[in-house]
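Structure provided below as structure tokens; questions to follow.
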Amino acid sequence: MDRGLGLEITELRLGLPGATAVVVEKSEKKRAFSELTDERKAAATAAPRAKSQVVGWPPVCSYRRKNPAAAEYSKNRCVKVSMDGAICLRKIDLSLQEGYSELAVAVKKLFGCDALGEGLKDEEKGEYNKLIYEDKDGDWMLVGDVPWEMFIESCKRLRIMKRSEIKDLGLPKERDFLRGAFQLKD
Amino acid sequence: MAYSFPEEVLEHVFSFLHSDRDRNAVSLVCKSWYEIDRWSRRRVFIGNCYAISPRAVIRRFPEVRSIKIKGKPHFADFNLVPDGWGGYVFPWITAMASSYPWLEEIHLKRMVVTNACLELIAKSFKNFRVLVLSTCEGFSTDGLASIAANCRNLRELDLRDSEVDDLSGHWLSHFPDSYTSLVSLNISCLGSEVSFSALERLVSRCPNLRSLSLNQAVPIDRIACLLRQAPQLIELGTGAYNAELRPDVFSSLSGAFSCLKELRSLSGFWDAVPAYIPAVYSVCSGITSLNLSYTTMQNPDLTKLVSQCPNLQQLWVLDYIEDCGLEAVAASCKDLRELRVFPSDPYEEDEFDIALTERGLVSVSEGCTNLQSVLYFCHQMSNAALISIAQNRPNLTRFRLCIIEPRSPDYLTLQPLDAGFGAIVEHCKGLRRLSLSGLLTDRVFEYIGTHAKKLEMLSVAFAGESDLGLHLVLSGCESLRKLEIRDCPFGDKALLANAEKLETMRSLWMSSCSVSFGACKLLCRRMPRLNVEVIDETSEVAESRPESFTVQKLYIYRSVAGPRLDMPDYVLSMEEESPDLIG
């Protein structure tokens, strides 16, 4: 019997009879945790992920998922920070930073000190890495262009990107990398 | 002629039996033992509120002081049971109000509790002491005010994880000034701010207060003041543990914690700020239970805190602990008995975020020889890891694994995880609870049916290939009481072939499987002491459904009370659907 991933037999309609809603299955893929290719990195950050719309899965109790009181009593602005080449995500609370320079220090502390992947500065090529963020509209922008308060309101996640990759990603808003760009220096 | 002990002696002997099973066994010996047990039974546990009527319970056990009742099926926790399904406690309260005037304790789980219920409780039971509402709903803070105002002998008010219509925090002020008997208060699920001065006065005038779980609205700079009033605390749930670091607040907090010589359990820590965590270090050596599952704190601060607790027995934490943190737990917390790792972000699947893998669980299984109970959410698993865990920890009694992506194979070999779970049931002979996940064929059910002889509760999702899987479980698992299944290709054959088995169990839940309407009717006809309920949220009328119609959700439970009368429109009792037919 085919012990592979022939899951057609087990494919069940999760909707009501006659309904068209189905589970959007992610394509089967081997989870490779070695260096991710550029292509995958770009794909992962550029396109919105097709998530399975399954009710009640994963089985996390509703009181764990919703946290209405938290929004009221905490000005928590935790965002994920990823770094190209690093295998772990970190989180940073923007509400605890006072401005862009504190943010730079905090980000460097999270990644610069750890021996994960490459450092923040590629000394051989004399290039810097860039800090970019995804805003509320899903666009990727360079950090540092807008006033701090506006930034922390709209920032959904951060990414430390190698300078060479920026063109590939095709940031929708052109920026002069030297003027107004947020650079992480030593 | 047989001489027997006087009743008083037998009653005294029976009082040493604490488990319901033992008392039930005793009641079967002979009529006089049945009667003695009947009149002396003080605690009753009703695992399914629809399995028996309140009148029947009261008739059999007229002198009950403590009752625990459960309502909705477990999958209600994951929004699989629509609103209005049932689980109303009101009929129980009204029946007990007239028959159990000396009732002291009510424990409810997944039940609908209204303000009217709370008011009735407050009025009817003069010696009322303990109210525990676990994952309940249907009441507001007004109902709590009735309890506070009227229950003069209240010891325990525990609202854990309930959904309360939170109108204001004013209810707490209804405890009269003369009220001093509070031992345990858990209001962690409430959003509104309670009057801090009322809370402080309450804490200071209740010298027996041992357990206090605050809600998020209590700010960190107020905790110290509460703790100073209650140095005898054994359990503490902080409020929000979040603020800009102020040295005066920190040292006050730190000093207050150091006075808690008997503290054993810590929880809360919403949005904990690492800077304030060292304030609790002084109590860590005595801590046996730590619930950090609501805190967003990460490593290294998170691991540092946990590793300071060498006597830890129970740890609930988010996946921020990562594999490295669990390795530290394995090295420092040698008496760990229960580990629960929850997903910090269950719905956003980020390929980068793999800092918690199967390796963390394997480390803990190696290092913590007393580990018995596991609940673990992760993104990847392998048969090799599961086999290791099984071999390391044959003393596991509860093993719940949730690999977040449904039908995930062994990430190393791409094979199903049958062998891994098979090892778990084979080695862990005392396993009572098991939750499966990942890619699983019918083979895993063969292993379970063969080996899991002590298994009482099994949860299955997105698994199996055919009816054989279900059949193997129902025919093999001798101790099975609760079975809950979703999204599996199990249908009529296995269900009908094992109809009698279902009466030996408390309940069976099946949703998004392949059971037909006709099979449900047939099952109901064959097994009169089973309630077979079909949940169907389409708007079609019942009569128009053909026999072959696949039911959406099915809940079958044994009952001596007959079909229930409080079903909403979308729940059909098969009892009504299948009157006696000729031929």
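Just so it is clear, the structure is predicted and the values come from calculations on it, not from any experiment. The chains referred to below are lettered A, B, ... by the order of the sequence lines, with proteins before strands, and numbering in each begins at 1.
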*B/Asn215 versus chain A, the contacting section by heavy-atom distance below 4.5 Å*: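 Answer is neither: B/Asn215 stays 4.5 Å or more from chain A.
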Notebook entry, point to check: Where does the angle between the aromatic ring planes of B/Phe78 and B/His74 fall among parallel (under 30°), tilted (30 to 60°) and perpendicular (over 60°)?
Noted result: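 The arrangement is perpendicular - the two ring planes meet at more than 60°.
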Against chain A, label B/Ser293 side chain, backbone, both or neither, depending on which of its atoms sit under 4.5 Å from a heavy atom there.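 B/Ser293 touches chain A through backbone and side-chain heavy atoms alike.
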- Go through the atoms of B/Phe75 and report whether side chain, backbone, both or neither lie under 4.5 Å from a heavy atom of chain A.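 Contact with chain A: none, neither part.
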Worksheet item: Can you say whether B/Pro343 sits under 4.5 Å from chain A via the side chain, the backbone, both, or neither, judging by heavy atoms?
Response: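 Side chain only.
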Fill in: Geometric cation-pi criterion, A/Arg64 with B/Tyr294: 6.0 Å, 45°
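Output yes; distance and angle both within limits.
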- Message: One thing to verify: whether B/Glu322 and B/Arg359 come together as a salt bridge, which I'm taking to mean a side-chain N less than 4.0 angstrom from a carboxylate O.
- Response: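 Between B/Glu322 and B/Arg359 there is no salt bridge, as every charged N stays at least 4.0 Å from the carboxylate O atoms.
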Any salt bridge linking B/Lys72 with B/Asp77? Criterion: basic side-chain nitrogen under 4.0 Å from a carboxylate oxygen.
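Looking at B/Lys72 and B/Asp77, the cut-off is not met.
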